[in-house]
Asker: 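First the structure, then my questions, so here it is.
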Amino acid sequence: VPVARLAPIEKGVKMVVPMFPPNCQTNASAISGSSFYQMGTVISSRRVCIPHNNKSKLRRRRRTNCLSVKVVLDKALLRGSNFMEMNLIIMDEWNYIPRHSKFPIGSCVATTFGVGVLVGWRVEDDMHIIRSLWNRSGPGSGRAYLRRDSIHSVVEAAVGYDVQTTYGAGKVVAYVKGGKTNTYGKYFVRLKGRHRGPTLEFNRCQILSCQGATFVPVTEHIRDAALYRLEVIHYKSKIREQMLNGPSKGIRNKGMWRNFSEYVDLFANSFSKAIAEDPDFDKEVDKFVSHIINLLDEKKGSNAEKAHIDSKPAANNISICPSSPISECQSPSTHSLDGRAKNDAEATVGWNINDMFGCFFVDPLANSGDRVENQDVLIQAQAFEEAHDSAEILIRVLLRTITVARASVPDRPKLHMALSTTHEALLFVRQILRVQK
């Protein structure tokens, strides 16, 4: 199979940069149709030689066998506002070249339909976007989407742009006699400066430069971005108008997080209003918190005392009776320590609802007999009364909070039902506490 030598690619050509480079065994058609690519702009291209045996001394003696292309990636912005550069090595034996535009972006081109400026290339269908066809802008200007075979060559200038000629600066007013491909035409230029006034005919070789066409792709990109933004704003306004004039009347469906945050705000506002209406809330909450702290301190102290008793040596609890040298008997202190440890073990079995809320559901006089003679039982009964009062305050504030919340959302039947269920549950808990009291 003959190997074709790849020609260098012009600077400014838009190119597809494949993510996975091809090799000799890869099908070129499969690579060209792959979607794993990114876009880049060629900044330099030259032919080089890469020996297969990796011997650099033979590099000068051999012919070039590959194409080295340096591109700037369009969507790879680095720190310092610099775009990432990449070097591509394409071997001649691969018979493959990445897809690219026919001519550099921003160049004036001659097409079958006239002279214009190449402002873009669409990789999906190989369409070249031509602006300023027949005229720079305004009436008589056109925009075309042309295939590769409809674009023939690069020309010096387009109609309507300022140019530099051999006679000075001027403005192109027409391009005529170009033939079927518009590649052999002549320019009519209205001169400026010293030769201001006459319109002269120039050949292509007499047009030195046309710098204004280079910036057309930039302005076109900004224009397309502005039009896209206007379309987005127009679409959002239409959606907003449809939502306001539709059956929902401006009420849109909310997500789970939006509903949760709304419920939290409703509870916080209602709770603050309920606290403001109850002057004794702060004092009763302080009593309730103090009761919980004291309960935790008592549990911690009993556990520490039990651990201290268990750590004592067993020899201190044994004494020898003088009447019987062989037998051993326990001292009186041993009986007291064992009984105390037993009582502590029974007292620290575990926490329950009675311990947390001051023995709400246990009669404080059950283990004290018919007559109250123990001071500890009296203290426990007093704590029981205080805890009951604190719980009553908390439940009253919660009931008031639910009432305020129900009044704040009159048009939410499901939320009303949930608040009513919670209200009934709190009433049930308060009735249980009153019965136990």
Side-chain angles (χ1 to χ4, degrees), residues 9-17 37-44 71-77 81-85 98-164 169-175 178 181-183 185 187 189 207-236:
I9 302 175
E10 298 182 54
K11 181 180 178 180
V13 170
K14 190 70 68 174
M15 173 180 283
V16 172
V17 181
Y37 62 83
Q38 49 188 335
M39 299 301 298
T41 303
V42 178
I43 58 177
S44 65
V71 299
V72 176
L73 300 181
D74 293 348
K75 297 182 179 180
L77 187 62
S81 300
N82 296 323
F83 286 91
M84 181 178 178
E85 298 181 358
R99 289 175 292 171
H100 59 277
S101 60
K102 189 172 183 178
F103 297 110
I105 303 298
S107 59
C108 299
V109 294
T111 68
T112 306
F113 305 96
V115 176
V117 180
L118 179 62
V119 298
W121 174 61
R122 202 163 58 194
V123 61
E124 291 79 11
D125 51 1
D126 195 23
M127 282 291 183
H128 293 72
I129 305 172
I130 309 297
R131 286 287 295 178
S132 302
L133 194 63
W134 309 307
N135 197 3
R136 180 171 183 175
S137 59
S141 177
R143 182 172 184 171
Y145 297 86
L146 304 179
R147 295 189 179 275
R148 188 177 296 267
D149 54 359
S150 298
I151 304 174
H152 305 292
S153 67
V154 176
V155 294
E156 287 73 18
V159 178
Y161 287 90
D162 294 336
V163 295
Q164 290 289 335
K171 183 179 180 180
V172 178
V173 296
Y175 182 80
T181 59
N182 289 312
T183 56
Y187 289 96
V189 180
I207 304 297
L208 302 180
S209 64
C210 179
Q211 299 180 354
T214 308
F215 301 96
V216 176
V218 180
T219 58
E220 189 71 15
H221 180 73
I222 296 175
R223 177 178 176 273
D224 292 341
L227 291 176
Y228 175 76
R229 184 60 184 171
L230 289 175
E231 290 180 359
V232 172
I233 294 175
H234 181 69
Y235 172 75
K236 289 183 178 180

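Keep in mind that this is a model prediction, so the values were computed, not measured.
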Asker: Could you pull out the closest heavy-atom pair between R147 and D125, with the gap in Å?
Answerer: NH1-O, 3.7 Å
Asker: Counting C-beta onward and ignoring hydrogens, is there a side-chain heavy-atom pair between F103 and I151 closer than 4.5 Å?
Answerer: yes
Asker: The criterion is side-chain contact (heavy atoms from CB on, under 4.5 Å); which residues satisfy it with A169, sequence neighbours excluded?
Answerer: Q164
Asker: Specify the closest pair of heavy atoms between V155 and A110, including all atoms of both residues, with the distance to one decimal.
Answerer: CG1-CB, 3.6 Å
Asker: What distance do H152 atom NE2 and D149 atom CG have between them, rounded to the nearest 0.5 Å?
Answerer: 8.0 Å
Asker: Is any NZ, NE, NH1 or NH2 atom of the basic residue among D126 and R148 found under 4.0 Å from an Asp or Glu carboxylate oxygen of the other?
Answerer: yes
Asker: Taking all heavy atoms of V115 and all of A157, pick out the closest pair and write down the distance.
Answerer: CG1-O, 3.4 Å
Asker: Heavy-atom distance under 4.5 Å between the side chains of S132 and Y161, does that happen here?
Answerer: yes
Asker: Rounded to the nearest 0.5 Å, what's the gap from CD1 on I129 to OG on S101? Could you check?
Answerer: 11.0 Å
Asker: Using side-chain heavy atoms (C-beta onward) and a distance below 4.5 Å, is R131 in contact with E220?
Answerer: yes
Asker: Could you tell me whether D74 and K14 have a side-chain N and a carboxylate O separated by less than 4.0 Å?
Answerer: yes
Asker: Kindly compute the distance separating CG (L73) from OG1 (T41), expressed to the nearest 0.5 Å.
Answerer: 9.0 Å
Asker: Indicate the atoms forming the closest heavy-atom contact of A158 with V117, along with that distance.
Answerer: CB-CG2, 4.0 Å
Asker: When rounded to the nearest 0.5 angstrom, what distance separates OH in Y145 from NE2 in H128?
Answerer: 14.0 Å
Asker: What's the separation between atom CE in M127 and atom OG in S150, rounded to the nearest 0.5 Å?
Answerer: 8.5 Å
Asker: Taking the side chain as every heavy atom from C-beta outward, state whether N182 and Y175 have any atom pair closer than 4.5 Å.
Answerer: yes
Asker: Taking the side chain as every heavy atom from C-beta outward, state whether K75 and F83 have any pair of such atoms under 4.5 Å apart.
Answerer: no
Asker: Got I207 and V189 here, is their nearest side-chain heavy-atom distance under 4.5 Å?
Answerer: yes
Asker: Just how far is it from atom CZ of R136 to atom CG of D162, taken to the nearest 0.5 Å?
Answerer: 6.5 Å
Asker: Going by side-chain contact (heavy atoms from CB on, under 4.5 Å), name the residues that satisfy it together with L133, two or more places apart in sequence or in a different chain.
Answerer: T111, F113, I130, A144
Asker: My understanding is that only residues two or more places apart in sequence, or in another chain, count here; which of them pass side-chain contact (heavy atoms from CB on, under 4.5 Å) with V123?
Answerer: V16, Y37, M39, R99, W121
